[in-house]
Amino acid sequence: MSQQVNEMVYLGGEVTKSLGIARSSLTKYCIALENKDYKFIRGSNNSRAFRSKDLVLLQRMKDLVQDKGMTMETAVNVVLSMLPEEERTGAVLDENKVISSETTSKEQEENTQISLLIDKLEYLDEISDRLIRWKKSLRILKSKIKFYRIKTMN
């Protein structure tokens, strides 16, 4: 018996920010993967939507191409070799959720949960970095205000 699995999906803009890559790089990675029969979810306007497992795959692609200096084709072959064949197929997008008829094994479900936790941790790191930058900017602003007050009192 198959069960439906609801999973959040992300749009291209969110993915480029998350991965720290340009939109054109994301498109190149996606086309390279699709040329090897990897399927992304397609929305009603044929735009791609990305699941957590897609983000993990694209992050690996980025690491191999940018950090390890692999060619795009080699990187695609490496990341796809890590996936079971049945995970290369797409699903139907329904109101920002994926509905898949595949039965999810416990291991796949745990991997999805881990991926989601990693995404959330990365998001929290990003927020923390922003807060640190804002705190630094606030200190600079306070010192400028203090300097201005001293200067105007003289």
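Checked against side-chain contact (heavy atoms from CB on, under 4.5 Å), L138 has the following partners two or more places apart in sequence or in another chain: K142. R130 pairs by the side-chain hydrogen bond (donor to acceptor under 3.5 Å, both in side chains) definition with E126, not counting sequence neighbours. N35 meets the side-chain hydrogen bond (donor to acceptor under 3.5 Å, both in side chains) test with no other residue; sequence neighbours excluded. Under the side-chain contact (heavy atoms from CB on, under 4.5 Å) criterion, R139 pairs with K135, not counting sequence neighbours. Applying the side-chain hydrogen bond (donor to acceptor under 3.5 Å, both in side chains) criterion to Q66, with sequence neighbours excluded, gives no partner residue. Every residue two or more places apart in sequence or in another chain that forms a side-chain hydrogen bond (donor to acceptor under 3.5 Å, both in side chains) with T74 is listed here: T71. Partners of I145 according to the side-chain contact (heavy atoms from CB on, under 4.5 Å) rule, which considers only residues two or more places apart in sequence or in another chain, are L141, R149. The ring-ring contact (aromatic ring centres under 6.0 Å, His included) search around F50 returns F40, not counting sequence neighbours.
By the 4.0 Å N-to-carboxylate-O rule, D63 lies too far from R60 to be salt-bridged with it.
Each ring pair (Phe, Tyr, Trp, His ring centres under 6.0 Å) pair with one or both residues in residues 125-147, not counting sequence neighbours, would appear here, but there are none. The salt bridge (Lys or Arg N to Asp or Glu O under 4.0 Å) pairs that include a residue from residues 26-35 are E34-R42, E34-R48, where partners are two or more places apart or lie in different chains.
In the hydrophobic clustering of ILVMFWY residues, with side-chain heavy atoms under 4.5 Å counting as a link, V78 and L80 come out together. Hydrophobic cluster membership differs between I150 and I140, with clusters built from Ile, Leu, Val, Met, Phe, Trp and Tyr side chains linked at under 4.5 angstrom.
Side-chain atoms of S137 come within 3.5 Å of backbone N or O of R133 as a donor-acceptor pair.
K36 is listed as a side-chain neighbour of E73, based on a closest heavy-atom distance under 4.5 Å.
Side-chain contact of Y38 with D54: a donor-acceptor pair under 3.5 Å is present, judged by distance alone.
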